[in-house]
Each structure stands twice: as structure tokens, then as C-alpha cells.
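Written below as C-alpha cells is the structure these notes are about.
Side chains are part of it too, since the values below use all heavy atoms of this structure and drop only hydrogens, waters and symmetry mates. So that the names make sense, note that chain A is the first sequence line, chain B the second, and so on, each numbered from 1.
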Amino acid sequence: MIYFISNQQRTQYIGDVKFEVKEGKNDYIKTSTIEECLEYFKDTEEIGVDTETTGFDPYRDRILSLQLGDFNNQFVIDSSIDFTIFKELLETRVILGQNLKFDLRFLYKLGIHPKKLYDTFLAECVLTTGFTERGLGLKDLGLKYCNVELDKSIRGVIHKEGLTDRVIKYGADDVKYLSTIKEKQLLEINKWGLQNILDLENEVLKVFSLMEYNGIPFNPTKWIEVSEQVEKNTKELEDKLDTLIYQLGTKDLPNINSITKYCNIWKQGSLFFDIKERDCNINWASPAQKLKLLRDLGFKLESVGDKDLQRNKSKHPIFNLLIEYSKQNKLATSFGKDFLKFINPVTKRLHPNYWQILSTGRISVSEPNINQIPAHGELATKIRSAFEAPEGYKIVGGDYSGFELRIIAEFSQDPLWLQAFREGGDLHSILCSKTFDIPIEDVKKSFPGKPEFKYRDVQKTINFGLAYGMSEFKLADTMQISVEEAKGIIAKFFSVVPKVKQFLDMLGYSGRTRGYIRTPEPFRRIRWYQNWEKAYKESDSKVLGEIERASKNMPIQSTNANVIKLAMIRVQDVIDKNNYPVQIIMQVYDELQTLCKEEFAEEWKTILERIMIESAQEVIKSIPVVADCKISDCWSK
DNA sequence: TCCACGGGCGCG
DNA sequence: AAAGCGCGCCCGTGGA
């Protein structure tokens, strides 16, 4: 049965005619009261919850209706009711919902903070990680688990139509099937041993919801300062490139009679260069145009990517200009003034979207993507300084040190790799000395005859690269050596750390032969390869190779992601239990940043660091884990 | 004018 | 046959 709770007249439509009625014309909808609703849920442990809202922003939009229910009965409560009446109920029961992050932000706005969550959307993500053709919407889940066709056609018109019978029915259906979906999902979850990872996701859900709701403090003045500098740099470099082309056209291209002729060869009908105006029509942001030009000038390049430009930079001054231009242009476009559109007009903060589960278990962030803010180079510090704590607050946070390398140590149990972390030595240097048979004091020296390659840097490339399934071809390309030489280096390296090789080979074999790969205990996340079956039958080496390399990396990357999620749960838990004046504001792979009241910052830094380390040691048991936290006014390394 | 695609590059 | 993993964003390109 569907119950409707409201303090106002119901809106009804017959055709296009709108009128108010007290009781709907369909007898499956009854009017009810708050008291009846609270009484109904008095002894239930779990409640299906959904909201309809006027939009996506909890600060500018509002809840139109709140739906609470189970399979037998659903209550549709309209916005004439003060929803905070349900605070106690919602904060003590298990809240069952589909993509709850959306609803939670609106409940937070009302001061309602549900604690125990089960999200059918996240459960489906956990069950189908890696599949590209999967249905994650409630409509898909209704069909898959309940064989019921849920009507979604109405979404988006509720605001106009009002709470008519069909809108109420639709709202009620959105909570009616949740428990059935959950029960059937749990059968699959248990069958695959995914309970731990599902619990982790359902718990960290509220942290991501809070992060989206709270947002990130941002100082636009500082951002604009850097943007203007970068824009200026970009324009100057464009001018320099144009001038260079002018000089090339008049002097360095004797085989081309005039730049006009060259231009006509290059692009029919439109001049890219006007000698009189000294105006060059080349779009320096166009890879195709750049490549064509450089090839016409006689350079052999495969692309105009940084790697190819770097290799040619001694041959002509245009390469250094192009390298620098690409960098500045990237900063100007991706991190320029356009970025300011993401500032929420109400909170003046950034409120990015979080996608909680990608194929390895990492998250992704968008609008804006806070996980790709520049971190290297001289402008990075300035750019990041725009992420600034307000007056009276500090940014407290930090990252795990060499975390993926520690994960490799734990899972491979390689003696040398373990020993390096146990003794606190520098892993890259230790392995470098053994791989290249040189004294450890010499690891920062260059290879004989190759001043641009230092032993330890190459070792770093190997340590990270091989964990991603890197081949001798890539190493040869990176180091500019022969494939044979590269092969030799890899063989030597793996003879130094045989158990690492064994571990990676095992992962690759596992993925290639089974079509899925999973994280070791305790989380046991699983990633499927949708294209595996076909590739396996057809012995498609290209696809199987991709699966093999991804499988070598997934448990490592995934464990990092699982651990930081565990840390987030525990950190938020401590904040909530103690009412600390702290907000988690960012998670950047192996880094957590919080916003903290200034007077609490010192104490908080110690607590945060401890929780991060303790969380990681739940998984990394053989060696110590290090987290470096610091207190600052703005986001910094 | 809109859209899909891919090169290129920002982060880890 | 191709050979380092995981993302999102910007822009140019080419077709509708």
C-alpha cells in the first residue's frame, strides 16, 4: 500500500487541467500521517529511502518529496512536512537506497546524518567492476533482480506536474523494490566473497557524501593571479613561434621559394602565414598542424608529444619553444580562468563530483577534477596555493610514503624488497646498486656516455614500470638503448628480486587465464575483463596482453585505494565521535587533506597521522608504513 | 552547430 | 600483433 503524507491540498491533473483534490482517485494511495509513519517503522531495522528534488545542488535546490518504505508499504511525504521530524528514525536505522550520495547531501542540509547505509548502486558496482556494459540504474536493477519494469519517464517533470497519483506511485516504487534487490545482490556478494569490500564501500559512502556537501575552500584571487601569468606566457610563446616561422620562411627554407608557396602546399586555399602582416595562421595547439610543419622542415617525428620533442631539442630551437608552449598552454586551458565557474555561488567553495568505484577501486573526481591539479614545476605551488584555508583554519594532511612499493613488498614477500623497508634504506638505491653492480654511493651517477640517464632514475622507472607490466621495448625506448640491452637489465633486475617476478607473473597468469583478478585479503575486490572470453577463445594476444598487464597492476593500485578508503572511514569516525572541528576535504590517491580549526591543528595532525598508519597496517603487516602529515595555510606537498 | 573521437597531458 | 597501469579535461578534427 502507498501512503501519502502532506499538509496541503494534492495537485491533480486530468489531461492538461490542473485542480486540487484531497484524496487521489486511485484507491492504492491512501492519505496518512507522520505519526502513522513513525509507528510503522518503530521496530524495523532497515528503511528504503529516496528523495525527489528540484535539482542537483543541495544549497540551491530542495527536496520535493521524501519516500520511506519497504516492499509492503511505502510512505510518500511531500515538502509541506518538516522532514527533520524523521531525523531520529533516519539516523538510527539502516538506510537502504540507490545512489545514496545524492540524497544524503540534501539530508545533510537538513541536519540529518544517517549512519548505517546500504547502497544498491554501490553493491552493483562491486559485483560488476570492470564490465563496461552493465546497468547500474535502479531501472536496470529492478529488471535484473525483480523482473519489474520501473517507470523512469516521469523523472524531471515532477516539479511541473506536482504530486499527482502517478508521481506518487513512481516515488513509492523507487523504495518498494530496494530490499528485494539487496537480498538478491547479497547472495551474489557472498558467493564471490565480496562482503568485506562492500562493507568498506557502504561505509566510505558517507565520507564522500560529506566531502561533496562540504566542498573545498578556494581563493579565486590567488587563482586569477597565476592564470594571468600563464596566459601571458602562452601568448609570448605563440609570438616567438610565429616569429620563428617567419625567419624559417625567409631564410632557412631555400628550397621553398616563398612562404606563400609553402603554405599552399601545406594547406590548400588558406594561408597560414602572411609575410606582410607577420601573422602566422598555424594553430600551435593543433598536433596535426605541428606535426606537418616539423616534418616539412625535415625532422623525423612520430608525434608532437613531449617525449618526441625532447629527443629533438638539440636539433633546432623550435623544439624548446614547442615544449614550453605545450606546458603553458595546458596550464592556461585546463587550469585557467574557466575553472572559476566551478565555485558554488552559495558556499564559495568547490564541490566536485566523486565517482566512488572505478575498475581498480580508485575514485574519480570531476567538475572540477581536483586530482589533476598541477603538483610539479614552479607554477604548481602557486596554483595549489589557491586551495587555501579560511581565516582561523589550517589545512592538515599528508600522504603515504612509497605506498605502492610497500604493497609490492607485502604481497611478494621478496627478502631484499622487504629488507629495504625494514631497515629504512632507500629502495631505489639499494635495488639500483644490485641491478647495475655498482657501489651504492654511485647510484646517482650517470651511465657511461649517457649523461641524461642516471642509474637511480632508471631504476625508479624500472621499479614502477615493471609493476605495470612494462616490457623490454618500452624500457629500450625510454633509455634509448637496444632491446637486447633492455632485456638484459630486466633479467638482472628480476634475478635480484625473484619473488617480485614470481608475484607479478602469478597475477598476469591469473588474469589471462581466468578473465578476472582480485585484491588479496582482507578486501578481495574483484575486477572482471569483459573482453576476456572472446579473446581467450580466439587466442587474441593483443587483448590478452592488455589483460595480463592490467592484472599485474590492479591488486597493487586497488590495495592503495582500499586502504585510503579505510583510513577515510576511521578518520571521519573519530571526527564524528569526538565532534572535532575538522572536515575531510580531499583524497588524492595516497593523500588525505583536511580542514581544521587552527587551535586544534597540532593535536589533529598527530591523530590523523596515527589513523592513516594504523589503517594501512591492517593490510601491510610485514613492514612499517610511513605517512607524512603537515600543517599549512594552503594545499602543499 | 553539434557530436564523437583521439592526441596530448595533468595527477597518482 | 603489440608490448607500463588507472583516470578526466581540453582542444582540434571531421562528419552529420
Side-chain angles (χ1 to χ4, degrees), chain A residues 129-130 267 282-292 302-309 322-323 325-336 338-339 341-342 352-355 357-377 379-380 383-384 399-400 402-405 407-408 460-478 483 486-487 490 504 507-508 511 517 527 535 538-561 564 586-591 635 637:
Chain A
T129 299
K267 191 176 178 184
I282 291 184
N283 184 345
W284 298 107
S286 162
Q289 292 185 26
K290 275 188 281 196
L291 190 61
K292 179 77 173 83
E302 282 183 31
S303 80
V304 288
D306 188 64
K307 192 188 77 185
D308 290 73
L309 297 180
L322 285 173
I323 289 164
Y325 168 79
S326 298
K327 280 208 179 76
Q328 294 294 325
N329 189 48
K330 175 74 175 178
L331 294 178
T333 54
S334 291
F335 309 102
D338 218 26
F339 200 86
K341 70 182 176 214
F342 294 118
N353 305 317
Y354 295 93
W355 183 270
I357 306 171
L358 294 167
S359 59
T360 63
R362 269 193 184 175
I363 62 160
S364 76
V365 188
S366 64
E367 296 179 301
N369 182 355
I370 233 66
N371 285 8
Q372 60 176 168
I373 303 298
H376 316 290
L379 287 167
I383 292 172
R384 290 199 168 201
D399 61 0
Y400 289 112
F403 202 43
E404 291 203 346
L405 297 171
I407 293 167
I408 293 172
K460 257 178 99 168
T461 306
I462 296 173
N463 289 350
F464 287 111
L466 294 183
Y468 306 151
M470 187 172 73
S471 71
E472 59 265 35
F473 300 94
K474 176 71 178 177
L475 185 62
D477 187 52
T478 309
V483 172
K487 217 173 164 176
I490 292 172
L504 292 172
L507 294 178
I517 189 73
R527 175 189 179 172
E538 296 171 3
S539 300
D540 182 338
S541 308
K542 180 176 175 286
V543 173
L544 290 177
E546 287 164 5
I547 290 171
E548 189 173 311
R549 292 192 299 279
S551 300
K552 288 181 177 179
N553 179 249
M554 183 276 181
I556 300 164
Q557 190 180 117
S558 182
T559 297
N560 189 337
I564 197 102
M586 293 182 199
Q587 185 248 70
V588 192
Y589 310 107
D590 59 357
E591 170 187 358
W635 189 16
K637 273 277 160 193

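- Using a 4.5 Å heavy-atom cutoff, the side chains of A/Ile564 and A/Ile363 are not in contact.
- Following rounding to the nearest Å, A/Asp338 (CG) and B/dG10 (P) show an atom-to-atom distance of 18 Å.
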Run the numbers on A/Ile408 and A/Asn463 for side-chain contact (heavy atoms from CB on, under 4.5 Å), then give the verdict. CA-CA 10 Å; A/Ile408 293 172; A/Asn463 289 350; over 6 Å; no
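- Of the listed nucleotides (B/dG8, C/dG6, C/dC10), B/dG8 has the atom at the smallest distance from the side chain of A/Ser303.
- In this structure, of C/dT13, C/dC11, C/dG4, it is C/dG4 that holds the atom nearest to the side chain of A/Phe464.
- Judged by atom type and distance alone, A/Tyr468 does not reach the base of C/dG6 through any side-chain donor-acceptor pair under 3.5 Å.
- Phosphate proximity of C/dG6 to A/Asn553: absent, as no side-chain N or O sits under 4.0 Å from OP1 or OP2.
- Separating the P atom of B/dG6 from that of C/dA2 is a span of 16 Å, rounded to the nearest Å.
- The distance from atom NZ of A/Lys474 to atom P of C/dA2 is 16 Å, rounded to the nearest whole Å.
- Looking at residues two or more places apart in sequence or on another chain, you find a side-chain contact (heavy atoms from CB on, under 4.5 Å) between A/Ala486 and A/Glu472, A/Leu475, A/Ala476, A/Ile481.
- Checked against C/dC9, C/dG4, B/dG7, the side chain of A/Pro287 finds its nearest nucleotide in B/dG7.
- Distances were taken from every side-chain heavy atom of A/Gln557 (C-beta onward) to each of C/dC5, C/dA2, B/dG8; the shortest belongs to C/dC5.
- Between A/Trp284 and A/Leu322, the shortest heavy-atom distance links the atoms CE3-CD2, 3.7 Å.
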What donor-acceptor contacts under 3.5 angstrom involve side-chain atoms of residues 542-550 of chain A, with partners at least two apart or in another chain?
from	atom 1	to	atom 2	distance (Å)
A/Lys542	NZ	A/Glu546	OE2	3.3
A/Glu548	OE1	A/Arg512	NE	2.4
A/Glu548	OE1	A/Arg512	NH2	3.0
A/Arg549	NH1	A/Gly545	O	3.3

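- Atoms CG (A/Leu504) and P (C/dG4) sit 15 Å apart, rounded to a whole Å.
- In this structure, A/Phe342 and A/Phe339 have perpendicular ring planes: the angle between them is above 60°, well past the 30° mark.
- One finds the NZ atom of A/Lys330 at 12.5 Å from the CG atom of A/Asp306 (value rounded to the nearest 0.5 Å).
- Side-chain contact, A/Asn353 with A/Glu367: a donor N or O sits under 3.5 Å from an acceptor N or O.
- With sequence neighbours excluded, the residues that form a ring-ring contact (aromatic ring centres under 6.0 Å, His included) with A/Tyr354 are A/Phe208.
- Comparing atom distances between the A/Lys542 side chain and each of C/dA2, B/dC9, B/dC11 picks out C/dA2 as nearest.
- Regarding A/Asn283, its CG atom lies at a distance of 12 Å from the C1' atom of C/dC10, rounded to whole Å.
- Between C/dA1 and B/dG8, the distance separating the two P atoms is 26 Å to the nearest Å.
- Put simply, the side chain of A/Asn371 does not reach to within 4.5 Å of the side chain of A/Ser364, judged on heavy atoms.
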Protein-nucleotides 4-6 of chain B N/O pairs closer than 3.5 Å?
none

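- In this structure, A/Gly465 reaches the bases: a heavy-atom distance under 4.0 Å links it to at least one base atom across the strands shown.
- In this structure, A/Leu331 places its CG atom 13 Å from P of C/dC11, rounding to the nearest Å.
- Within residues 358-365 of chain A, the residues approached by DNA chain C to less than 4.0 Å at the level of any non-hydrogen atom are A/Leu358, A/Ser359, A/Thr360, A/Arg362, A/Ser364, A/Val365, in residue-number order.
- Judged purely by atom type and a 3.5 angstrom limit, A/Arg384 uses its side chain to pair as donor or acceptor with the backbone of A/Ile373.
- As judged by a 4.0 angstrom heavy-atom cut-off over every strand, A/Lys637 is placed among residues touching the sugar-phosphate backbone only.
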Salt bridge (charged side-chain N to carboxylate O under 4.0 Å, His left out) evaluation trace for A/Glu591 with A/Lys637: CA-CA 10 Å; A/Glu591 170 187 358; A/Lys637 273 277 160 193; 3.7 Å; yes
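- Minimum atom distance to the side chain of A/Pro374 is reached by B/dG10, of the listed C/dC11, C/dT13, B/dG10.
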How would DNA chain C look in dot-bracket form, 5' to 3', counting Watson-Crick and G-U wobble pairs with both distances under 3.5 Å and writing | for bases paired to another strand? ....||||||||||||
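- Distance CG (A/Asn329) to P (B/dG7): 18 Å, rounded to an integer number of Å.
- Contact check, A/Ser326 against B/dG8: no side-chain N or O comes under 4.0 Å of OP1 or OP2.
- Side-chain proximity of A/Tyr589 to the nucleotides B/dG12, C/dC5, C/dA1 is greatest for B/dG12.
- If you check every strand for non-hydrogen atoms under 4.0 Å, A/Asp540 touches nothing.
- Distance alone, capped at 3.5 Å, places no donor-acceptor pair between the A/Lys552 side chain and the A/Tyr468 backbone.
- The interatomic distance linking A/Leu405 (CG) with B/dG12 (C1') rounds to 12 Å, in whole Å.
- Among the atoms of the strands shown, none is found under 4.0 Å from any heavy atom of A/Ile370.
- Set against C/dA3, B/dC11, B/dG12, the side chain of A/Ser471 has C/dA3 as its closest nucleotide.
- For A/Gln372, the side-chain atoms get nearest to C/dC9 when compared with the rest of C/dA3, B/dG12, C/dC9.
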Residue pair A/Ile462, A/Ile490: steps toward the side-chain contact (heavy atoms from CB on, under 4.5 Å) verdict: CA-CA 8 Å; A/Ile462 296 173; A/Ile490 292 172; 5.6 Å; no
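- Across all strands, A/Glu367 comes closer than 4.0 Å only to sugar-phosphate atoms, never to a base (heavy-atom distances).
- Checking C/dG6, C/dA2, B/dG10 against every side-chain atom of A/Lys327, the shortest atom distance belongs to B/dG10.
- Separating the OH atom of A/Tyr325 from the C1' atom of C/dC10 is a distance of 11 Å, rounded to the nearest angstrom.
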